[in-house]
Peer 1: 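So that we are looking at the same thing, I have put the structure below in structure tokens.
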Protein chains: 2
Amino acid sequence: MAEPQPKTQTKTRIQAINEDIILSAALEVFSAFGYRGSTVDQIAERAGMSKPNLLYYFHRKDDIYRAVLEKTLAQWLTPLRGLDPNGEPLAEIARYIRAKMAMSRDNPKASRLFANEMLHGAPAIGDFLSGPMKVLVDDTARIIKTWIAKGQIAAIDPYHLIFSIWAMTQHYADFDIQVRAVLGADSEHFADAETTIIRLIQDGLKPRS
Amino acid sequence: MAEPQPKTQTKTRIQAINEDIILSAALEVFSAFGYRGSTVDQIAERAGMSKPNLLYYFHRKDDIYRAVLEKTLAQWLTPLRGLDPNGEPLAEIARYIRAKMAMSRDNPKASRLFANEMLHGAPAIGDFLSGPMKVLVDDTARIIKTWIAKGQIAAIDPYHLIFSIWAMTQHYADFDIQVRAVLGADSEHFADAETTIIRLIQDGLKPRS
DNA sequence: AGCGCTCTTGACCATTTGATCAAGAATTAA
DNA sequence: TTAATTCTTGATCAAATGGTCAAGAGCGCT
């Protein structure tokens with residue numbers, strides 16, 4: 001719906017290239033200024049094309065926003081899908097924390113885009129939250145519960161465990177400014193943070209003998 | 001500077017009342033839509049007065065924003081100031097977590113206003129971050145370090161410990177929508193979250209014998 | 001080369017929005 | 001009561017901004 005509607009159903013080479021350029025520029029701008037704070041002109045300039053040309057590919061500002069958001073959401077949940085119910089729980093969770101931390105470090109803009117959407121009530125992705133995301137969280141909670149039932153980890157609320165991991169890892173992308181104001185611009189702190197978070201979670205999950 | 005400049009230096013009764021009304025309306029609107037997403041008209045309507053009247057008290061949109069932000073910041077750091085170096089570490093930290101959690105529950109809008117400002121690079125409160133906030137965090141980190149030195153708690157990076165607590169507690173205000181999409185509208189989860197967070201942190205801090 | 005379709009953009013439009021102003025209403029102090 | 005001051009708002013303005021349009025440039029296929 002957001003794409004131009006040429007006679008041909010297949011995507012032109014130029015279309016593919018430009019849509020990529022636009023989405024990349026849009027992520028940059030939207031993540032920095034929010035939806036309302038970003039202008040189509042800004043995105044167009046960043047994409048190196050005129051505003052009408054940008055609107056040739058995405059007819060409305062909202063279309064651009066939703067497209068870049070959708071592109072982000074998929075990759076957002078990916079690490080959680082990798083949890084192996086038969087793996088060693090503490091190792092599995094450590095792996096997950098590392099994956100989320102890597103996303104915060106390598107793609108903070110996507111994290112901020114997502115956070116901003118959340119902060120303002122998720123007007124564009126409410127369905128995603130109560131749909132695919134809830135399903136995945138429920139599935140993951142179930143896995144954690146079986147670990148608890150088998151006595152592999154201590155009894156803990158799986159949902160709040162997941163939220164805690166999300167909160168701690170995403171914090172370093174979303175509140176990057178704050179972290180840097182306190183720790184300095186040096187980006188070494190990602191590694192330290194990872195260590196601390198894994199340590200906190202693992203200590204909390206060690207089965208009581 | 002944001003106030004009207006009448007001949008009298010003291011604040012009128014009406015001034016005091018209306019400024020309060022305006023700041024309250026502004027928190028409501030700014031926290032929901034962000035700076036750019038909010039309009040002066042919206043705030044004026046919510047405050048029950050005309051736009052020119054609102055601008056009589058705060059000459060610029062930016063003045064309203066900064067005023068409400070400043071009002072929020074003070075209360076934001078308060079709980080951290082209460083940490084008693086001579087208290088029992090685990091109890092002190094549990095108390096702090098409860099205080100932060102109460103803020104998330106009772107004043108989520110302030111949290112979201114703050115988070116939004118952070119997310120977009122803290123254009124209005126950069127000085128606050130590298131000033132008063134950094135000082136307070138450094139002081140708190142120092143207290144934690146003495147606890148570690150005395151063997152009262154396990155060795156952990158105090159800064160990342162603080163960030164983790166912030167992240168986990170604020171998450172329930174800032175990502176309220178997400179939490180509710182997963183756990184349902186019932187607000188019982190604040191209590192469960194508090195338990196889980198305190199448990200995670202305390203387990204991570206128990207001194208190794 | 002020639003033709004149809006895709007791509008590109010300057011100019012333009014309508015709406016929104018931050019801010020101003022003048023003039024009248026309400027409040028306060030004497 | 002009265003006069004000075006403060007408070008309030010309808011009308012209005014200029015700038016910013018999302019979106020349109022027509023006309024021309026470029027691309028790909030035969």
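Residue numbers start from 1 in every chain, and the chains themselves are labelled A, B, ... in the order their sequence lines are given, proteins ahead of strands.
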Peer 1: Would you kindly give the CD-to-C1' distance between Glu19(A) and dT6(C), to the nearest whole Å?
Peer 2: 13 Å
Peer 1: Whole angstroms only, please: what is the CG-P distance between Asp63(B) and dT20(C)?
Peer 2: 11 Å
Peer 1: Residues two or more places apart in sequence or in another chain: which of them pass salt bridge (charged side-chain N to carboxylate O under 4.0 Å, His left out) with Arg66(B)?
Peer 2: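 Expected list: Asp62(B).
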Peer 1: Let me spell it out: for each of Lys61(B) and Asn18(A), pick the nucleotide of DNA chain C with the closest heavy atom. Which residue's pick is nearer the 5' end?
Peer 2: Asn18(A)
Peer 1: Between dT6(C) and Tyr57(A), is there an OP1 or OP2 to side-chain N/O distance shorter than 4.0 Å?
Peer 2: no
Peer 1: Under the salt bridge (charged side-chain N to carboxylate O under 4.0 Å, His left out) test, which residues partner Asp192(A), sequence neighbours left out?
Peer 2: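 Partners of Asp192(A) by the salt bridge (charged side-chain N to carboxylate O under 4.0 Å, His left out) criterion come out as none, since no residue qualifies.
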Peer 1: Once you round it to whole Å, what is the distance between P of dT20(D) and CZ of Phe58(A)?
Peer 2: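 Those two atoms, CZ and P, are 16 Å apart.
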Peer 1: Please state how far atom CD1 in Ile64(B) lies from atom C1' in dG18(C), giving the value in whole angstrom units.
Peer 2: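 To the nearest whole Å, that distance equals 10 Å.
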Peer 1: Could you tell me if the ring centre of His160(B) sits under 6.0 Å from that of Phe190(A)?
Peer 2: no
Peer 1: Between Asp41(B) and Lys51(B), does at least one N-O distance fall below 4.0 Å, as a salt bridge requires?
Peer 2: yes
Peer 1: Think Asn53(A) has a side-chain N or O under 4.0 angstrom from the OP1 or OP2 of dT9(C)?
Peer 2: yes
Peer 1: Give a yes/no answer on whether the side chain of Gln15(B) brings an N or O atom under 4.0 Å of OP1 or OP2 in dC7(D).
Peer 2: yes
Peer 1: Mind checking what makes salt bridge (charged side-chain N to carboxylate O under 4.0 Å, His left out) contact with Arg105(A), not counting sequence neighbours?
Peer 2: none
Peer 1: Which residues pass the salt bridge (charged side-chain N to carboxylate O under 4.0 Å, His left out) test with Asp139(B), not counting sequence neighbours?
Peer 2: Arg142(B)
Peer 1: 5'-most contact on DNA chain C: Met49(A) or Leu55(B), nearest heavy atom basis?
Peer 2: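 Its nearest nucleotide being more 5', the pick is Met49(A).
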Peer 1: In this structure, how many angstroms lie between the P atom of dG10(D) and the CG atom of Asp41(B), rounded?
Peer 2: 12 Å
Peer 1: Expressed in angstrom and rounded to an integer, what is the separation of Lys51(B) atom NZ from dA11(D) atom C1'?
Peer 2: 11 Å
Peer 1: Would you indicate whether the side-chain heavy atoms of Ile143(B) and Pro85(B) approach each other to under 4.5 Å?
Peer 2: yes
Peer 1: List in chain and number order the residues that pass side-chain contact (heavy atoms from CB on, under 4.5 Å) with Gln75(B), two or more places apart in sequence or in another chain; answer none if no residue qualifies.
Peer 2: Met103(B), Asn107(B), Ala110(B)
Peer 1: Apply side-chain contact (heavy atoms from CB on, under 4.5 Å) to Ala141(A) and list each qualifying residue two or more places apart in sequence or on a separate chain.
Peer 2: Pro158(A), Tyr159(A)
Peer 1: Show every donor-acceptor pair shorter than 3.5 Å between a side-chain atom in residues 25-37 of chain A and any protein atom, with sequence neighbours excluded, or say none if there are none.
Peer 2:
| from | atom 1 | to | atom 2 | distance (Å) |
| --- | --- | --- | --- | --- |
| Glu28(A) | OE2 | Lys109(A) | NZ | 2.9 |
| Ser31(A) | OG | Leu27(A) | O | 2.8 |
| Ser31(A) | OG | Glu28(A) | O | 3.1 |
| Arg36(A) | NH1 | Arg36(B) | O | 3.2 |

Peer 1: How many Å lie between CD1 on Ile22(A) and P on dC7(C), as a whole number?
Peer 2: 11 Å
Peer 1: With a 4.0 Å limit, can you tell me whether Tyr56(B) has a side-chain N or O closer than that to the phosphate oxygens OP1/OP2 of dC7(D)?
Peer 2: yes
Peer 1: CD of Glu45(B) versus P of dG10(D): gap in Å, rounded?
Peer 2: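 Atom-to-atom, Glu45(B) to dG10(D), this comes out as 13 Å.
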Peer 1: Nearest to the Pro52(A) side chain among dC21(D), dA19(C), dC7(C), which nucleotide is it?
Peer 2: dC21(D)
Peer 1: When you compare the protein's N or O atoms with those of nucleotides 23-30 of chain D, which come within less than 3.5 Å of each other, and at what distance?
Peer 2:
| from | atom 1 | to | atom 2 | distance (Å) |
| --- | --- | --- | --- | --- |
| dG28(D) | OP1 | Arg13(A) | NH2 | 3.3 |

Peer 1: If only side-chain N and O atoms of Arg60(B) are considered, is one of them under 4.0 Å from the OP1 or OP2 phosphate oxygen of dG18(C)?
Peer 2: no
Peer 1: Of all of residues 29-40 of chain B, which get a heavy atom below 4.0 angstrom from DNA chain C, listed by number?
Peer 2: Ser38(B), Thr39(B), Val40(B)
